[in-house]
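Note that the numbering runs from 1 along the sequence shown for the chain. For the numbers below, each heavy atom of this structure counts, side chains included, while hydrogens, waters and symmetry mates do not.
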Amino acid sequence: AYAGRTFQNEKYIMAAKDAAKFVLSRLVNNEGRLLAYYREGEARLEAYLDSYSFLISGLLEIHQATMEDEYLKLSIQYTEDMLKLFLDEKTGDFYLSSKESEKLVVEAKDLYDSALPSGNSVAAMNLMVLYSLTENTNYYAYATRLFESNGKSVREQPSGFTYLLSAFIPFVKGTSSTV
């Protein structure tokens, strides 16, 4: 969708819409929860933070490429689900697995960006984009908490948080423009 918008290529946008249609029709259970696994017509396993944050990012890109409200509404719906399922209320960042998942001895969080951005960094970007599109200050507040909870680590090792820093740029500038 981003490439389609950038290069004004409808074929790319249609491919993104087809991918979203597949995920939303085959990887969502009866309760509306996103699933992580699809093979030979079977979908199972509750999705992790990364699945939610990357799906939301894709839906936002489709919305920005098409200006179709359906994709913005879906982005908001899955963001609300992500906040409910993965947010650590104490720190403001997100757990890797859902609060409703089987309880583990240690609840994992992936905060560092590598070849792929972390689910937390993508969530921060999504929250900033949603704030810019909706002016819903709750999204801005959630992003702020995420930035603050990781500030010390970012200062100590900025190369491990490149996508989080990309989400932080509009925050620093005090603008609501999308990146």
Side-chain angles (χ1 to χ4, degrees), residues 1-3 5-6 16 19-20 23-24 27 33-34 36 46-65 69 71-101 106-179:
Y2 178 79
R5 180 169 49 115
T6 301
V23 170
L24 296 170
L27 283 161
R33 293 282 305 273
L34 191 59
E46 290 184 4
Y48 297 95
L49 170 64
D50 291 16
S51 300
Y52 276 84
S53 60
F54 279 96
L55 174 64
I56 295 162
S57 178
L59 293 170
L60 286 168
E61 286 295 344
I62 295 171
H63 168 71
Q64 291 181 358
D69 286 342
Y71 296 101
L72 179 59
K73 289 176 185 174
L74 286 166
S75 300
I76 291 168
Q77 172 191 328
Y78 283 104
T79 296
E80 295 299 326
D81 290 347
M82 181 186 71
L83 290 165
K84 183 181 96 181
L85 295 168
F86 300 96
L87 181 67
D88 180 344
E89 298 287 343
K90 293 178 185 172
T91 65
D93 44 30
F94 295 92
Y95 293 111
L96 187 57
S97 58
S98 164
K99 292 184 230 178
E100 297 176 0
S101 299
V106 176
E107 294 180 298
K109 292 181 183 177
D110 183 17
L111 301 169
Y112 295 96
D113 298 326
S114 57
L116 287 177
S118 72
N120 273 279
S121 293
V122 176
M125 181 68 80
N126 294 341
L127 290 164
M128 291 302 290
V129 171
L130 279 169
Y131 169 68
S132 74
L133 294 172
T134 67
E135 296 183 353
N136 181 333
T137 56
N138 289 332
Y139 297 134
Y140 189 81
Y142 285 120
T144 300
R145 286 200 63 215
L146 208 155
F147 296 138
E148 288 172 351
S149 71
N150 291 286
K152 182 179 182 216
S153 297
V154 171
R155 283 188 295 279
E156 291 172 356
Q157 188 183 6
S159 64
F161 297 91
T162 53
Y163 201 76
L164 184 67
L165 287 167
S166 296
F168 188 68
I169 290 168
F171 179 80
V172 172
K173 289 182 177 180
T175 69
S176 61
S177 63
T178 59
V179 175

Q | Residue pair L130 / L72, side-chain heavy-atom distance below 4.5 Å | A | yes
Q) S159 versus Q157: any side-chain heavy-atom pair under 4.5 Å? A) yes
Q) Is any side-chain heavy atom of Y140 less than 4.5 Å from a side-chain heavy atom of E135? A) no
(Q) Which label fits F168 and F147: parallel for a plane angle under 30°, tilted from 30 to 60°, or perpendicular past 60°? (A) perpendicular
Q: Let me see the working for L164 and L146 under side chain to side chain contact (heavy atoms under 4.5 Å, CB included), right down to the final yes or no.
A: CA-CA 9 Å; L164 184 67; L146 208 155; 3.8 Å; yes
Q) Rounded to the nearest 0.5 Å, how far does OG of S118 lie from CG of L111? A) 6.5 Å
**Q.** Spacing of OG belonging to S51 relative to CG belonging to L27, to within rounding of 0.5 Å
**A.** 8.5 Å
(Q) Strictly by salt bridge (Lys or Arg N to Asp or Glu O under 4.0 Å), give each pair with a member in residues 117-132 just once, sequence neighbours left out. (A) none
Q | Criterion side chain to side chain contact (heavy atoms under 4.5 Å, CB included) on Y131 and N136, from CA distance to verdict | A | CA-CA 5 Å; Y131 169 68; N136 181 333; 5.6 Å; no
**Q.** Contact check, side chains of E80 and Q77, non-hydrogen atoms, under 4.5 Å
**A.** no
(Q) side-chain hydrogen bond (donor to acceptor under 3.5 Å, both in side chains), that's the test. Do D113 and S121 meet it? Break it down for me. (A) CA-CA 7 Å; D113 298 326; S121 293; 2.8 Å; yes
Q: Using side chain to side chain contact (heavy atoms under 4.5 Å, CB included) as the criterion, list what pairs up with K152, not counting sequence neighbours.
A: R155, E156
Q | Sub-4.5 Å side-chain heavy-atom contact between L24 and L59 | A | yes
Q | Considering all heavy atoms, the nearest P158-L165 contact | A | O-CD1, 3.7 Å
Q. Closest approach of S149 and G92, non-hydrogen atoms and distance?
A. OG-C, 4.4 Å
Q. If you take all heavy atoms of E89 and R145, which pair is closest and at what distance?
A. O-NH2, 2.8 Å
Q) To the nearest 0.5 Å, what is the distance between CD1 (I62) and OG (S57)? A) 10.0 Å
Q. Are the side chain of S166 and the backbone N or O of T162 linked by a donor-acceptor pair below 3.5 Å?
A. yes
Q: State the CE-OH distance between M128 and Y139, to the nearest 0.5 angstrom.
A: 14.0 Å
Q: Evaluate side chain to side chain contact (heavy atoms under 4.5 Å, CB included) for Y52 paired with L85, printing each intermediate quantity in order.
A: CA-CA 10 Å; Y52 276 84; L85 295 168; 3.6 Å; yes
Q.
Do D50 and L116 have side chains that approach each other closer than 4.5 Å (heavy atoms only, starting at C-beta)?
A. no
Q: Ignoring hydrogens and angles, tell me if any N or O in the side chain of S132 forms a donor-acceptor pair with the backbone of V129 under 3.5 Å.
A: yes
Q: Might you point out which heavy atoms bring A1 and A65 nearest each other, and give the distance in Å?
A: O-CB, 3.7 Å
Q) Does S53 use its side chain to pair, donor to acceptor, with the backbone of L49 at less than 3.5 Å? A) yes
Q: Applying side chain to side chain contact (heavy atoms under 4.5 Å, CB included), run through E100 and R33 and close with a yes or a no.
A: CA-CA 11 Å; E100 297 176 0; R33 293 282 305 273; 2.8 Å; yes
Q. Once you round to the nearest 0.5 Å, how far does OH of Y142 lie from OG1 of T79?
A. 11.0 Å
Q: For T91, check side-chain hydrogen bond (donor to acceptor under 3.5 Å, both in side chains) against everything at least two apart and list the hits.
A: D88, D93, K109
Q: Please indicate whether Y48 has more than 12 foreign heavy atoms, meaning atoms of other residues, nucleotides or ligands, lying under 6.0 Å from its OH.
A: no
Q: Answer whether the closest heavy-atom distance between the side chains of L60 and Y71 falls below 4.5 Å.
A: no
(Q) Within the 4.5 Å heavy-atom criterion, are M82 and F94 side-chain neighbours or not? (A) yes
